[in-house]
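Only one structure is covered here, and it is reproduced in the block below.
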Amino acid sequence: MAVYQVKIPACTFAGEGSIEKVKDIVEKEQAKTALVFTDQGIKNAGILDCLTEELDKLGIVYHVTDDLKAEPAYTDVEKAVEESSAFACDLIFAIGGGSVMDAAKLFSVLKGADYTLRDLLKDPSQARKRIKTVMIPTTCGTGAEATCNAIVAIPEEQSKKGIVNDSMIPDYVILDSQMIRKLPKSIVAATGVDALAHVVECYTSKKATPLSDTYALAGAKLIFRNIQAAYENPDDMEAKNKMLLGAYYGGIAITGSGTTAVHALSYPLGGKYHIPHGVSNAILFAHVMDFNRSACETELAELCDEVYPELSGKSVGEKSCYIIQKIAEIVKTTNIPTDLSQFGITAEDLDFLVEAGSQQTRLLVNNKRELSKDDIREIYKKVL
Ligand SMILES: NC(=O)c1ccc[n+]([C@@H]2O[C@H](COP(=O)([O-])OP(=O)(O)OC[C@H]3O[C@@H](n4cnc5c(N)ncnc54)[C@H](O)[C@@H]3O)[C@@H](O)[C@H]2O)c1
Ligand SMILES: [Zn+2]
């Protein structure tokens, strides 16, 4: 009998206003000092204040590390870890998107450790949690608040790499929709489609299990049905709540299953051309699923049954096509770029992309339909 698992953060608070649960966490952990990871975008949007106001009320001593770059290189994270290490901290808070949360997760296993980030890039198995973490996502996409992964760019390889270790599983999560109320529409769209890619890829992955499927299906229902409303109306807090939940479920699904060729082929686009993670996934998403359809028609139809039960009378083939068509429609109607032309990528870049994409074996092995280098080339060609 197969054994399977998902990993879930020990304690999750959700709902508008749940930021006030910071008090319960600090008291439970008896924390006297804390480190807060964030970035300038979040600080300028006034969102950091929502956390620091809570910490001020509690009289806890904290330091804010706020100069993290979006989609950081491992060298950026090394710098942040070094600078932050001087400060005492009983608890780590990350308030931000995947970039901030991943840096904080790495810090939680690196502070005072006798291994370095470079060591973890070579052998992530040595990582051990040293300080507990509290994740407060401010985008509705990565699900990084639920995963054991931290993704960094590797400039010398012009790509990105995931460091995966169970000890990076966050301890506390706060899913407060107020954090994404003023999230710029373009980021709602791109991060929302990233979350959609997580659930669809996890459900159609070779590694999918009944446990990961439960989260992937629940996430798919929430995201497919709410992404457009969350994009169109910033004050639709019900849709925003559901997007945060859906993204979180996507993260849990990743811990038990894994993403596939969409994310694999997306990494070189982020690593070399600095296309935001959600955007590069969105550009590839429908094309990769179209390529995959013959190998996961049933799973795509099951996703359709869950999200669009009104299509129950249709055939498996029709339902699987419908889901892919919906993905393309969501990308188009939320105004995410649908090809690589505006990023200056041309046919001359194809050789690099094919080579770098085919090296993402950690994720490509999860894809139900095997991709040859020619297949990879054909997919990139479609989005030029
Ligand atoms: N660890 C994981 O499991 C996992 C999964 C998927 C992706 N990732 C990684 O996460 C990173 C992408 O994260 P992301 O898509 O959440 O974006 P991000 O963290 O890179 O943030 C994108 C931009 O949005 C701004 N921003 C964030 N929240 C805001 C808000 N509420 N209001 C205004 N501006 C705001 C930030 O300042 C930043 O400039 C990538 O490096 C990707 O590889 C990690
Ligand atoms: Zn992703």
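Reckoned from all heavy atoms, side chains included, excluding hydrogens, waters and symmetry mates. Numbering of ligands and ligand atoms starts at 1, following listing order.
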Tell me, yes or no, whether the heavy-atom count around Gln126 atom CD, taken from other residues, nucleotides or ligands under 6.0 Å, exceeds 12. yes
Select one of side chain, backbone, both or neither to describe which atoms of Thr147 lie under 4.0 Å from any atom of ligand 1, heavy atoms only. side chain
Using a strict 4.0 Å cut-off to heavy atoms of Met179, name the atoms of ligand 1 that fall inside it. 31 (N)
Flag Lys182 as yes when one of its N or O atoms lies below 3.5 Å from any N or O atom of ligand 1, and as no otherwise. no
Protein heavy-atom partner closest to atom 1 (N) of ligand 1 - residue, atom, separation in Å: Asp102 OD1, 2.7 Å
What I want to know is whether Asp39 and ligand 1 share at least one N or O pair that is separated by under 3.5 angstrom. yes
Numbered atoms and elements of ligand 1 in range of His198, under 4.0 angstrom, heavy atoms: 6 (C)
Please state whether the rings of Tyr249 and Tyr215 are parallel, tilted or perpendicular, taking 30° and 60° as the class boundaries. perpendicular
Mind checking whether Tyr273 and Phe352 have parallel, tilted or perpendicular rings, split at 30° and 60°? perpendicular
For ligand 1, which part of Gln40 has a heavy atom less than 4.0 Å away: the side chain, the backbone, both, or neither? neither
So which bit of Ile42 gets within less than 4.0 Å of ligand 1, heavy atoms only: side chain, backbone, both or neither? both
I'd like to check whether Asn149 has a polar contact with ligand 1, where a contact means an N/O of the residue lying under 3.5 Å from an N/O of the ligand. yes
Closest approach of Glu71 to His277 (non-hydrogen atoms, all atoms of both residues): OE2-N, 2.7 Å
Does an N or O anywhere in Gly98 fall below 3.5 Å from an N or O of ligand 1? yes
Please walk me through it: do Lys160 and Ser266 pass side-chain hydrogen bond (donor to acceptor under 3.5 Å, both in side chains)? CA-CA 9 Å; Lys160 296 180 89 175; Ser266 173; over 6 Å; no
Of the backbone atoms (N, CA, C, O) and the side-chain heavy atoms from C-beta on, which set of Thr142 has a member under 4.0 Å from an atom of ligand 1: side chain, backbone, both, or neither? both
What part of Glu71, side chain from CB on, backbone N/CA/C/O, both or neither, has a heavy atom under 4.0 Å from ligand 1? both
Under 4.0 Å from any heavy atom of Ile47, which atoms of ligand 1 are there? 30 (C), 31 (N), 32 (N)
A quick test of your reading: do over 12 heavy atoms of other residues, nucleotides or ligands sit less than 6.0 Å from NZ of Lys129? yes
Find all atoms of ligand 1 within a distance of less than 4.0 Å from any non-hydrogen atom belonging to Gly97, and give their numbers and elements. 16 (O), 19 (O)
Any idea which part of Pro184 is under 4.0 Å from ligand 1, heavy-atom wise: side chain, backbone, both or neither? side chain
Counting non-hydrogen protein atoms only, what is the nearest one to atom 23 (C) of ligand 1? Give residue, atom name and distance. Ile187 CD1, 4.0 Å
Is a side-chain donor-acceptor pair under 3.5 Å present for Asp339 with Ser341? yes
For atom 35 (C) of ligand 1, what is the closest protein heavy atom, and at what distance to 0.1 Å? Leu183 CD1, 3.8 Å
Nearest candidate to atom 27 (C) of ligand 1, where distance is taken over non-hydrogen atoms, out of Ile180, Val279, Thr139: Thr139
A quick test of your reading: do over 12 heavy atoms of other residues, nucleotides or ligands sit less than 6.0 Å from NZ of Lys185? yes
Metal-centred angle, the Zn ion (ligand 2) as apex - NE2 of His263, OD1 of Asp194, 10° resolution: 100°
For ligand 1, indicate whether the residue Thr191 contacts it via side chain, backbone, both or neither (heavy-atom separation under 4.0 Å). side chain
So Leu311 and Glu318, do their side chains get closer than 4.5 Å, heavy atoms only? no
Hey, is Met101 touching ligand 1 through its side chain, its backbone, both or neither, going by heavy atoms under 4.0 Å? neither
